[in-house]
Student: 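For reference, the structure I am asking about is given below.
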There are 2 protein chains.
Amino acid sequence: MNVIELLKSHQLKKTAPRVAILNVLNNSKIPQSESEIKQAIGDLYDRITFYRSMHSLIEVGMIHKIVIDNTLVKYALNNCTDEHVHEVDHVHFYCKTCSKVMCMEEVKIMLYVLPQGYSKNECDVVIKGCCGSCEKFVLGKHEN
Amino acid sequence: MNVIELLKSHQLKKTAPRVAILNVLNNSKIPQSESEIKQAIGDLYDRITFYRSMHSLIEVGMIHKIVIDNTLVKYALNNCTDEHVHEVDHVHFYCKTCSKVMCMEEVKIMLYVLPQGYSKNECDVVIKGCCGSCEKFVLGKHEN
DNA sequence: GTTCAAATGAAACAATGTTGCAAATATAAC
DNA sequence: GTTATATTTGCAACATTGTTTCATTTGAAC
């Protein structure tokens, strides 16, 4: 992924904090929290700058916010450049054991019917449980 | 609903802030935010007390927390005394127009399949859009 | 290099989440 | 009703996050 090209195509200036944030998200396979990103970057940029950089990146649709809980927010790149991605329900998995968040591209909410007169705009789905790696670990411990 | 009886049955002491919170939630048809509850009660209790009251009520399962966004949290009574309610996915609707949150008892997520080795513990579903009342209002405006 | 709009950094503030501890209170035992 | 005890409350203090204003700096277009 060419971060600089992407910023240009979204009409955002190539600034150091934006490039740093995008690189961190690009290098990590799973969504990262604000503190995780800041830890990866280091204490280079102001907190407010970080916050505003996230906002501008979300606004143009380069990244998206995943709210696990009111105290836990993760960010991930929008790999899909398809505009229609917004119409597909977001499904995220939060592992209560390792605290990692995974985007479940393959998991799909099959169907729901809203009451008469209601219209859907977005749908955020967060499934909380135990991921494959932790499940194995837990099972392994019980076997000992 | 008898608030005092319910507290007793959940082995929580009948304290003024808990009773006040439960009454507010009981009297409102839709989930309320912390500030909405505090506004209804008045400035009687300490902020920390409020916070801890909410925690204890959630812990025993008398109320539940609905996280719409990391900046918007609502609380609602668990009307259903059935223990199995926890196994059913929570579906909430957030109206972007009137900012109200509604528990959608009748809306059900039909099916989703997690990857091999993953296990589900909870599933929070928040559908954002426009509710029936606001939809009518918006349509009405267009008709003029 | 100059110019101008955009982005940053600093200060200041609001809201929320959390802990430790002393004082107050609910409940149970008497 | 009084007393004892465990719970709950209120206060202080602090951490994190969200947000605005404004002067300064920077990016990129010319």
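Order of the sequence lines fixes the chain letters, A, B, ..., with proteins taken first and strands second; residue numbering starts at 1 for each chain.
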Student: For atom CG of A/D43, decide whether the heavy atoms of other residues, nucleotides or ligands shown that lie under 6.0 angstrom number more than 12.
Tutor: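 Counting other residues, nucleotides and ligands, CG of A/D43 stays at 12 neighbours or fewer.
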
Student: Measure from OH on B/Y45 to C1' on D/dT8 and round the result to the nearest Å.
Tutor: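 My rounded result for the distance is 13 Å.
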
Student: Does the protein touch nucleotides 20-30 of chain D at the base, only the backbone, or not at all? Give it as B, S and - per nucleotide, heavy atoms under 4.0 Å.
Tutor: BB-----BS--

Student: Any heavy-atom pair between the side chains of B/Q11 and B/V60 that's under 4.5 Å?
Tutor: no

Student: Whole angstrom is fine here: how far is it from CZ in A/F50 over to P in C/dA10?
Tutor: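 Interatomic distance, CZ of A/F50 to P of C/dA10: 17 Å.
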
Student: Please report the distance, rounded to the nearest Å, between CG in A/L44 and P in C/dG9.
Tutor: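 The distance from CG of A/L44 to P of C/dG9 comes to 9 Å, rounded to the nearest Å.
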
Student: Go nucleotide by nucleotide along DNA chain C from the 5' end; which of A/S56 and B/T71 gets its closest nucleotide reached first?
Tutor: A/S56

Student: Check whether more than 12 heavy atoms from other residues, nucleotides or ligands sit under 6.0 Å from atom NZ of A/K96, and answer yes or no.
Tutor: yes

Student: By nearest heavy atom, map B/P17 and B/N70 onto DNA chain D; which one lands nearer the 5' end?
Tutor: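 Nearer the 5' end of the strand: B/P17.
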
Student: May I have the distance from B/R47 (atom CZ) to C/dT19 (atom P), rounded to whole angstrom?
Tutor: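 One finds 13 Å between P of C/dT19 and CZ of B/R47, rounded.
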
Student: Among residues 18-28 of chain A, which contact DNA chain C at a heavy-atom distance under 4.0 Å?
Tutor: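 Those residues whose heavy atoms fall under 4.0 Å from DNA chain C, taken from residues 18-28 of chain A in numerical order, are A/R18.
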
Student: Side chains of B/V67 and B/D124, heavy atoms from C-beta outward: is any pair under 4.5 Å?
Tutor: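 Result no, sub-4.5 Å side-chain heavy-atom pair not found.
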
Student: At what distance, to the nearest 0.5 angstrom, does NZ of B/K128 lie from CZ of B/F93?
Tutor: 11.5 Å

Student: Starting at atom CG of A/L72, determine the distance to atom P of C/dG17, rounded to an integer number of angstrom.
Tutor: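 Distance, rounded to whole Å: 13 Å.
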
Student: Round to the nearest Å and state the distance from B/E36 atom CD to C/dT16 atom P.
Tutor: 11 Å

Student: Can you measure A/L7 atom CG to C/dA6 atom C1' for me and round it to whole angstrom units?
Tutor: 14 Å

Student: Using side-chain heavy atoms (C-beta onward) and a distance below 4.5 Å, is B/L7 in contact with B/M62?
Tutor: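 Touching, per the 4.5 Å side-chain cut-off.
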
Student: For the residue pair B/I127 and A/L114, establish whether any side-chain heavy-atom pair is separated by less than 4.5 Å.
Tutor: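 Yes, their side chains come closer than 4.5 Å.
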
Student: Nearest whole angstrom, please: distance from the P of C/dA11 to the CG of A/D46.
Tutor: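 Checked: the CG to P distance equals 9 Å.
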
Student: So, the side chain of A/R18 versus the backbone of A/K13: is there a donor-acceptor pair under 3.5 Å, distance only?
Tutor: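 Between the backbone of A/K13 and the side chain of A/R18 there is a qualifying donor-acceptor contact (under 3.5 Å).
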
Student: Please name all residues satisfying side chain to side chain donor-acceptor pair (under 3.5 Å) with A/T15, sequence neighbours left out, ordered by chain then number.
Tutor: none

